[in-house]
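We name chains A, B, ... by the order of the sequence lines, and we start the count at 1 in each one. Heavy-atom basis, side chains included; hydrogens, waters and symmetry copies ignored.
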There are 2 protein chains.
Amino acid sequence: MNNSTDSQTIHDLIDRLTRLTAAEEWNGPLNPSQFAALTYLARANRFSRAPSHVADYLVTTRGTASQTLKALARKDLITEARSEADKRSIRYDVTKDGLALLKDASGLETVVETLPADVAASLAASLKSLVLALLHHRGGRSFGLCGTCRHHEPTATGGHCRLLGVSLKPHEASQLCHEHSPELETHP
Amino acid sequence: MNNSTDSQTIHDLIDRLTRLTAAEEWNGPLNPSQFAALTYLARANRFSRAPSHVADYLVTTRGTASQTLKALARKDLITEARSEADKRSIRYDVTKDGLALLKDASGLETVVETLPADVAASLAASLKSLVLALLHHRGGRSFGLCGTCRHHEPTATGGHCRLLGVSLKPHEASQLCHEHSPELETHP
DNA sequence: TGCAATAGTTTCGACTCGCTACTATTAAGG
DNA sequence: CCTTAATAGTAGCGAGTCGAAACTATTGCA
């Protein structure tokens, strides 16, 4: 017994971290959920800013995501943009006010920066493994950067998405995409 | 630039982890907050089970903690025990039903167990560093195990707490204490 | 053409959350 | 001793989260 790292211990640490982070994350007029949604919208590409994508990313339902987005819109931090092509879908864009709110570094980041470099590196690496394992477990999407996707193709003018069949501007390669699918592993 | 592990990346990973964990943690009739409170009560010693201690541990206010505890009591998972010594304070004890609910391993633990041992070990170590840094940042209590406290003294019949001046049963050394204060570091 | 799938919304009930009173009770100082 | 002052817990408020279910528009398919 006394297994050096049992899953119970890790569970406890994650719960504690969750509570501490949430407390640290109240950002002015926003609660943690709203802040997370706003942050996502600011990093997602134009094909990934609909309520259902936010719901996927935040691991909640469309209904809940819809309410959170309405709350952000009421505060003029995001605006609705209805699609011409598909009249059912909506894309939310972050406003100037919304971007301004995201500027200031959070308390969490301040603390992370006090960690020794090697601890930060191993934290990032092991967190990534865990998040990927959890996503795999529940069949969730990875929401990676567009440019690291197997459907992405660099071109002279920026890039091209083979899946959606659209050309991309240079800055779009570093935005999150709900269709993201990692590069295929090189099988041994 | 492109600092191998910038704090923004870690922040993103933690946010994702938080959402995934919360979704995984809905345990039958309990939401994540109630589950966290119940778990804490089951692991805390008899001096650390008051609403204010739960509030400290969950990083929230006494008012919120009070409501969460009332919700658990309504479901007969914990019971109120008023103190004789100090008529203001209350101690909550976990009932049989409450303990039963904690028995089944969570989805999170299942996933953690799929991680390679070295990843799990580095995850635990770096998470611990981060949690301690966050606690230090906001002046929170560590809530460590009674037996690892600087006020703890092993005795023939179990242990003795020099701070509270009470003798302890053997099993109490491995419970959480709100007064926990780590062993002093050996200064070089 | 007609029915099923999809996108988003609304409503419901239970609950969290920070806050601000407010009530007991206990502690400290003149 | 007796009056503050601190402490422990609670109630109520308003905004919001959360899952679930019911409900519109669309769009896709056969």
Could you tell me the separation between the [atom1] atom of [X] and the [atom2] atom of [N], rounded to a whole number of Å?
X	N	atom1	atom2	result
A:Asp86	D:dG28	CG	C1'	11 Å
B:Leu72	D:dT10	CG	P	13 Å
A:Lys87	C:dT6	NZ	C1'	16 Å
A:Glu24	C:dG18	CD	P	12 Å
B:Leu69	D:dA11	CG	C1'	15 Å
A:Leu30	D:dA15	CG	C1'	13 Å
A:Lys70	D:dC18	NZ	P	18 Å

Neighbours of DNA chain D within residues 35-43 of chain B, by heavy-atom distance under 4.0 Å = none
Mind running a 4.0 Å heavy-atom check of residues 91-99 of chain A against DNA chain D and sending the residues that fall below it, in number order?
->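 Contacting residues: none.
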Residues in side-chain contact (heavy atoms from CB on, under 4.5 Å) contact with A:Thr148, at least two apart in sequence or another chain |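 side-chain contact (heavy atoms from CB on, under 4.5 Å) check on A:Thr148 returns A:Leu145, A:His180.
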Who are the side-chain contact (heavy atoms from CB on, under 4.5 Å) partners of B:Ala42, not counting sequence neighbours?
->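 Partners of B:Ala42 by the side-chain contact (heavy atoms from CB on, under 4.5 Å) criterion, ordered by chain and then number, come out as B:Val94, B:Leu99, B:Leu102.
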Can you check nucleotides 2-7 of chain D for protein contacts, nitrogen or oxygen pairs under 3.5 Å, and list what you find?
unit_1: D:dT7; atom_1: O2; unit_2: B:Arg88; atom_2: NH1; d: 2.7

For each nucleotide in nucleotides 12-17 of chain C, reading 5' to 3', give B when a protein heavy atom comes within less than 4.0 Å of its base, S when such contact involves only the sugar-phosphate, and - otherwise.
-> ---SBB
Have a look at A:Ala65 and say if it touches a base, only the backbone sugar-phosphate, or nothing, with a 4.0 Å heavy-atom cut-off.
-> nothing
How is B:Ala23 classified with respect to the nucleic acid when contacts are heavy atoms under 4.0 Å: base, sugar-phosphate, or nothing?
-> nothing
Under the side-chain hydrogen bond (donor to acceptor under 3.5 Å, both in side chains) rule, what pairs show up with a residue in residues 129-138 of chain A, not counting sequence neighbours?
->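 As it turns out, there is no side-chain hydrogen bond (donor to acceptor under 3.5 Å, both in side chains) pair with a partner in residues 129-138 of chain A once direct neighbours are skipped.
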What pairs of residues pass the side-chain hydrogen bond (donor to acceptor under 3.5 Å, both in side chains) test when at least one of them lies in residues 33-47 of chain B, not counting sequence neighbours?
-> A:Asp12-B:Arg43, A:Arg19-B:Ser33, B:Gln34-B:Lys75, B:Asn45-B:Ser48, B:Arg46-B:Glu172
Atom pair CD1 (A:Ile10) and CG (A:Leu130), whose distance is rounded to the nearest 0.5 Å | 8.0 Å
Measuring from A:His53:NE2 to A:Leu176:CG, what's the distance to the nearest 0.5 Å?
->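 Separation between the atoms: 12.5 Å.
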Indicate yes or no for a side-chain donor-acceptor contact from A:Thr18 to the backbone of A:Ile14 under 3.5 Å, with no hydrogens or angles considered.
->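 Present.
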Are any side-chain N or O atoms of A:Thr68 and backbone N or O atoms of A:Thr64, one a donor and one an acceptor, separated by less than 3.5 Å?
-> yes
Set of residues satisfying salt bridge (Lys or Arg N to Asp or Glu O under 4.0 Å) with respect to B:Glu80, sequence neighbours excluded = B:Lys70, B:Arg82
List for me each residue that meets salt bridge (Lys or Arg N to Asp or Glu O under 4.0 Å) alongside B:Asp97, sequence neighbours excluded, and say none if there are none.
-> none
Show your working on side chain to side chain donor-acceptor pair (under 3.5 Å) between B:Thr9 and B:Asp6 and close with a plain yes or no.
-> CA-CA 6 Å; B:Thr9 303; B:Asp6 59 308; 2.6 Å; yes
Where do A:His11 and B:Ser106 come nearest, in terms of heavy atoms and distance?
->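 Minimum heavy-atom contact is CE1-OG, 3.2 Å.
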In terms of side-chain heavy atoms of B:Ser89, which of C:dT9, D:dG9, D:dT27 is nearest?
-> D:dG9
Could you list the residues that satisfy ring-ring contact (aromatic ring centres under 6.0 Å, His included) with A:Tyr92, not counting sequence neighbours?
-> none
Taking only residues two or more places apart in sequence, or in another chain, which ones meet B:His152 in a ring-ring contact (aromatic ring centres under 6.0 Å, His included)?
->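 With neighbours one apart ignored, the set is empty.
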